[in-house]
Amino acid sequence: MPEAFSIPNEIIYMAIDLGNPVRTTQIPQAPRKFYFLEYFYILLKGVSISNQSERIFEQFLKLKHQYRLGESKYKKLTEESNESTNQRARYKYTFDQVVSEATNYELISESSGEILLTDEGKNAIQIYENDGDRKFNYYLFKLMEKGHQEPFRYLVDTCYKVNYKKSGLLIFPIYSAHRLGIERDSIKTSKDMKRYFRKLQSRIKEDISKHLGMNVNLDKENNDLIRKLTEENLLQTDDLQEFDPNKYNAILRRSRDFWLKYFLQSLYKYQLSLDSFEIWAYRAKQIGLLHITEFYPDPSFHGKIAYPLSVIRDSSQSTSFKMFYEYADSMKLYCHQPSWDDKNNQEEFVQSLHQAYVDVRQLAKTYFVSLPNVKERACYAMKIPEYLFDKFLGYAYHNKHLRIRISLEVDKLPDETKVMYLRREPVMVDGKYRNIIAIDLAHGEKNVY
DNA sequence: TTAGGCACGTGTGGCACAGT
DNA sequence: ACTGTGCCACACGTGCCTAA
């Protein structure tokens, strides 16, 4: 069995002994409700074409489609852009959110019903178009960090405080009744639901012990959950009475969020709502400060994990950590960005990639396996952001002197199927999307073709 | 092998309420 | 009064299962 969440040593040394003083606790403010940083660009682009709100919104819809910005944090795949009035209303909601946040950053300004670009806004467009999205994200990072009481610093710092032994790994277990082996048909009464809750409780307890090294008693929390659901008549007081089957989803949803909130606020002591945490974390992921995923492939854990790819210290000797930003108190944010020029990093990447492939193949039991799954495990092992993985994979694919041989195939791209939203993005290598991967050891070692 | 039906899982957007 | 924030029910996409 592949071992979940083991950690390379160098990362641990960076994580412990931080020596940074506990910051005067300023709680980050909530962001507006959207995930993709590209929304800022497409809004500004729209404003550069017209000053009329209605026209800007039309442009926003067009560019949203062109940049494949789906709902929430998922990229959109299908070419069709069926514009039901319902969807337009949804997109208007997102549009208003982006306008509101861009106004706060003074990228745009409103006067007598017109929306205007500020100099800052014009500057931002230039950065995106001339210097690329990484520079654009950095520019936005500074605005967000200043405008919301340093949410990213808070996010990264707290990760290490929570679980420094595993260099800041956060787990958010999600197990539906189905996943714990309880059939839908067998859950009809309050008693049945409580049986699922008990099973869930003990599974969560095990995960906490295994991945966070803590022993906790969750009886009180489980009772709280049951009490809340009973008070709101989602569950019946009488154990043998049946609950409203139409409320099944609502009950499961409530229990899932209850435990996620428990992890975030009680266990990890984040003073953020679930919503705010999600949005800040997914924005941090785009900048490359941390990784968050719901798809880490592992037989013994299901749910969401997050871990930092950066660290806040006053100084660093490591060549793999690059200075990213300096705060007012002269603490600095360092991002883990190992260089491909260093042969040791090449060797480590090859090692991690191969190990990830072996682990995933063991679960999938096929020669070709899902590239996004291999990517998840390799990124975790090396603590690198996704865009670096894509780059490294491209280099390794072309390097004939490595001790592995990589085969990449497209298989079926998601846009050839019916899926609307790309929950797993295919990996871009050589300007082509790839979905599956196989690896052989080269030069007379085992498994050579 | 495929089509249809049903259940699972979760993002969205409205809403209530807290903060000022 | 007004704005910002957290919460959660619903709608809908997805994928499994069954029956030919």
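Protein chains get the first letters and strands the later ones, always in sequence-line order, with residue 1 at the start of each. Bear in mind the structure is a predicted one, so any value in this text is a computation, not a measurement. Side-chain atoms are counted along with the backbone in the values below, which use heavy atoms only and exclude waters and symmetry mates.
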Are more than 12 heavy atoms from other residues, nucleotides or ligands located less than 6.0 Å from atom CD of A:Q29?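 Yes, because the 6.0 Å sphere around CD of A:Q29 holds more than 12 heavy atoms from other groups.
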Starting from [atom2] on [N], measure out to [atom1] on [X] and report it in whole angstrom.
X: A:H302; N: B:dT10; atom1: NE2; atom2: P; result: 7 Å
X: A:D257; N: C:dC10; atom1: CG; atom2: C1'; result: 14 Å
X: A:L200; N: B:dG9; atom1: CG; atom2: C1'; result: 15 Å
X: A:Y175; N: B:dG9; atom1: OH; atom2: P; result: 13 Å
X: A:Y35; N: B:dG11; atom1: OH; atom2: P; result: 6 Å
X: A:E294; N: B:dT10; atom1: CD; atom2: C1'; result: 9 Å
X: A:Q97; N: B:dG14; atom1: CD; atom2: C1'; result: 12 Å
X: A:R256; N: B:dG9; atom1: CZ; atom2: C1'; result: 7 Å

Ignoring hydrogens and angles, state whether a donor on the side chain of [X] or [Y] is under 3.5 Å from an acceptor on the partner side chain.
X: A:Y138; Y: A:D133; value: no
X: A:E129; Y: A:Y41; value: yes
X: A:S300; Y: A:D298; value: yes

Establish, yes or no, whether the cationic atom of A:R313 lies under 6.0 Å from the six-membered ring centre of A:Y334 and within 45° of the ring axis. no
Set out, line by line, the N/O atom pairs under 3.5 Å between protein and nucleotides 1-7 of chain C.
residue, atom, partner, partner atom, Å
C:dT5, OP2, A:R32, NH2, 3.4
C:dG6, OP2, A:S273, OG, 3.1
C:dG6, OP2, A:S276, OG, 3.0
C:dG6, O6, A:K33, NZ, 3.3
C:dC7, OP1, A:K261, NZ, 2.4
C:dC7, N4, A:K33, NZ, 3.1
C:dC7, N4, A:D275, OD2, 3.3

Between A:K375 and A:D390, is there a side-chain N and carboxylate O pair less than 4.0 Å apart? yes
